[in-house]
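Every chain is numbered from 1 and lettered A, B, ... according to where its sequence line falls, protein lines coming before strand lines.
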Amino acid sequence: MKQQVPSRRDLMKGAVAAGAAFGAFTILGATAKGQGKSLKVGLIGCGGRGRGALAQHLQAAKILNDKLNLGLDMKVVATADWFKDRAVATGKKHGVPDDACFGGADAYKKLIAAGPDIVLMAQAPCFRPPHFEAAVAAGKHCFIEKPIAVDPPGCRRVLAAGKAAEAKNLVVVAGTNMRHEKAAIDTHQAVTVEAALGKIVAGRAFFCIGHMFAKQPIKPQTADDLVRTWQSWIELSGDHLVEQHVHNIDMVTWFLGRPAVSAGGFGGRARRPAGNMFDFFSLDLDYGDGVFVHSMCRQVNGCWNSVGQELTCEKGTTKCTDGLKPQKSPVPDDLPCDLDGKPIPGHLQEHVNLLYHLAKGKPLNQTQDVAWATAITVMGRIAAYTGKRVTWAEMMVDPKKSPEIYDLTLKPTADDFEKGAVEVPDEGDIPAPGGATAPRPPRKGARKGRK
Amino acid sequence: MKAKDLSRHDFMKGATAAGAAFGAFTILGATAKGQGKTYKVGLIGCGGRGRGALAGSFEAAKIVGVEVKCVALADYFKDRAEQSGKKYGVPPERCFGGPKCYEGLLATDVEIVLMAQAPLFRSVHLEAAVKAGKHCFVEKPVAVDPPGCRRVIAAGEEAKKKGVVIVAGTEMRHEHPFRLTHQAIAVEGALGRLVAGRVAFCIAHMFHRAPINPKTADDLVRSWQDWTALSGDHIVEQHVHNIDIANWFAGHPPLSAAGFGGRARRNAGDMFDFHSIDYDYGDGVHIHSMCRQVNGCWNWVGHDLVYEKGRTNGRDRETPAKSPIPADLPKAPSSSQQEQVDVLYCVGKGEPLDEARAVAESSATAVLGRIATYTGKLIRWNEMMTDPKKNPDLYNLTLKPTAEDFEKGTVEIPKEGVVPIPGVA
């Protein structure tokens, strides 16, 4: 394996932009085969996923050091969470002083000001657009969990921030973990780039599992109650279609290389006792050029369960992760993809990829990908909630066509949380598709006496 | 259009069997190109569809060049049978009412029985009609549960043996554009292999807009479109049309169904108002079936079947190498007339057209989907239809009240507004 000297361009830029508030920017001595780099990391959102991401991030650095001798010296410099105690608890584990563990609605601002080079984001989805925007504005490399927003304006905000990140050569990696695995990247290359199976003509995507999260009504009284149970509220999570099924939609969209043109669909709430979300969706996604994808997701116990995606091509089908061998793999030869003889799982591989690209000075910006996938699920959700067919053009492109969709903003917003202007949604108050069944209007002409 | 010399084989057999109690057996004088015939037609189920089918039969007779005479009528409600009787000159003693009305009708000299009673009753009535040696036109769907569907398949086998014609009200199968397109694509393979598809019947709200509050069996029959036990739910009652097209083009019913459904806005009866199903037709072919009866939503009724080399809506490729339509089969201006033309043509030719299995399988496919959406489970065709031992609960699933319950007067009224909830708490 060749040893390359990683580019320090991005790294230094980040460091210069953020300053060195904590003096943690230690350049390690050059090792036998490479130069050591110190990277400062901050985490926003210290829940299970955030703590997992941080651990995987650090493990990824170790893998890269072991395999490529990059000498990355990772230092966790700050943590942030809506709940300060969570930030402190996570900080403690990584040697972050209490005064660099931030809580509250503006914790993310303090974290960004603390001077990390890389910001990992696993806060509730509704907060991701403003936090990502701020991180990019401050010149931070980002890992951002999926979904990146919960409504159309949020998706567009992230797209715009992604462009800014690109201009600044920032690395942005998204938590759509399946697409980071080598098997998926190779399959994508074979199917989409090399067209090994001919044209993609149809597809199915599904995330059907048992019940998740709160099993009793939450009865929230405060903003804190909502944030603590964010997985059960549309305004915070986007509904499970957006929060979870986005994985499969991302895969399908990646393989097709374009966002869906429109969505029509069905959904409802069969069994969920808490929050205000649906617990099943079944959508007809039109990807244009005659390609329709049936998207299905459910979180109900005792039902048919299946998670994955399947694309029907002219000459066969693919599950997108089946490891089709391309003529030429786009995965760099020296990128570590195996650990102890097994493929590295996506949740870890995404951090390997992030640090690899950052260390090598290679561009990697997945903002548009994850924003598209998120927006498609938002489009599907609107379709299922209303019963209407919703188009990408009216939701994402043309502000004038259907302003009520283009500007659709879920309340409470992230802004409301920052301002303390949160109105607690009514629990169990879920959307009813279509219009009410009105009483039959009186008939013209009496039926009586008609022959 | 040529008047054809139709075979009188079945016709005479029927006439002989039933006798000529009313002397209505008028042989018309031979026309220039064929012989006039008069077929004795009866109708079970005198609602809108039934009256339409009967009118269609009269139109079809003109097209085919024969005559039909309505000789008996039956309806759960005797007054409805009599009302139609007045129009067609059928005396009250040949207008039958009550849950056993079909028995009275079948005991007459009727030769062709049109059936448009509530779906729940069709499997029982069809079986009896075949037993009595009557030619049948039966509306779709033909049953509401797996045993009912199998009963119709069995009746179809019996009909074949007897040379009795069974034509089904899956009307698109009778339309020439569909038949020609099916021949070109599904039979001759003009577009290669079927790879995927979508079929839909998404429209606005139908039927009762306020709770029905039924008290009696009569109340249920009068509002049958709103009750799963009588209609099969709208996926079975209405969307069966499109599912039938999917089965017809695929050449077989699906292996399994998994799906999603619910009741968003319906406020009467006990049915869902939307279903969205993933049908697995095997060999990697999946068809997304969608149906809805809710106001103010995206509406689409149609078919989009994807093949290796193109796609079809089922009726857009009328250029097969070899037409499956007999050269002498008249073309009718509407599908509801065409299906009656096909009845009279087949009866006349003495060529039994057995659509019992096809319509029973399409009904069963819709039932498969309904059970999938009601339970949230993946439901397999073989467990529901062919293997009695694998999943007896499913194989024997019988909606209550049954047709027999109506006959015996043991009807329990379903709870209005109580709909299935998929999965478990």
- prompt: Which of the residues B:Thr375, B:Ile421, B:Asn267 is involved in the greatest number of heavy-atom pairs with chain A at under 4.5 angstrom?
  reply: B:Ile421
- prompt: chain A heavy atoms under 4.5 Å from B:Ala210: which part of the residue, side chain, backbone, both or neither?
  reply: neither
- request: For A:Pro433, check side chain to side chain contact (heavy atoms under 4.5 Å, CB included) against everything at least two apart and list the hits.
  value: B:Ala264
query: How many angstroms lie between atom NE2 of B:His288 and atom CG of A:Asp284, to the nearest 0.5 angstrom?
result: 6.0 Å
message: Is A:Thr312 in contact with chain B via its backbone, its side chain, both, or neither, using a 4.5 Å heavy-atom distance?
response: side chain
task: Tell me, for A:Phe281 versus chain B, whether the close heavy atoms (under 4.5 Å) come from the side chain, the backbone, both or neither.
output: backbone
Part of B:Ile379 within contact of chain A (heavy atom distance under 4.5 Å): neither
- prompt: Can you find a pair of side-chain heavy atoms, one from A:Cys208 and one from B:Phe260, that are under 4.5 Å apart?
  reply: yes
- line: So, the part of B:Arg265 with a heavy atom under 4.5 Å from chain A: the answer is both
task: Against chain A, label B:Asp304 side chain, backbone, both or neither, depending on which of its atoms sit under 4.5 Å from a heavy atom there.
output: side chain
message: Non-hydrogen contacts under 4.5 angstrom with chain B: give the residues of residues 291-306 of chain A involved, or none if there are none.
response: A:Phe292, A:His294, A:Met296, A:Cys297, A:Arg298, A:Val300, A:Asn301, A:Gly302, A:Cys303, A:Trp304
field: Distance-minimising heavy-atom pair for A:Gly387 and B:Cys297
entry: O-CB, 3.3 Å
- request: Mark yes when over 12 heavy atoms from residues, nucleotides or ligands other than A:Gln216 sit less than 6.0 Å from its CD; otherwise mark no.
  value: no
Per-residue contacts, residues 264-277 of chain A versus chain B, heavy atoms under 4.5 Å: A:Gly264, A:Gly265, A:Phe266, A:Gly267, A:Ala270, A:Arg271
- prompt: Relative to chain B, which segment of A:Arg389 carries a heavy atom at a distance below 4.5 Å: side chain, backbone, both, or neither?
  reply: both
- request: For each of B:Arg193, B:His205, B:His286, tally heavy-atom pairs with chain A at distances under 4.5 Å, and name the one with the top tally.
  value: B:His286
field: Residues of residues 241-259 of chain A within contact distance of chain B, non-hydrogen under 4.5 Å
entry: none
query: Considering only heavy atoms from C-beta outward, does the side chain of B:Lys309 approach that of A:Glu314 to under 4.5 Å?
result: no
- prompt: In terms of heavy-atom pairs under 4.5 Å with chain B, which of A:Gly290, A:Ala202, A:Gly210 leads?
  reply: A:Gly290
task: Would you indicate whether B:Lys86, at its atom NZ, is surrounded by more than 12 heavy atoms from other residues, nucleotides or ligands within a distance under 6.0 Å?
output: no
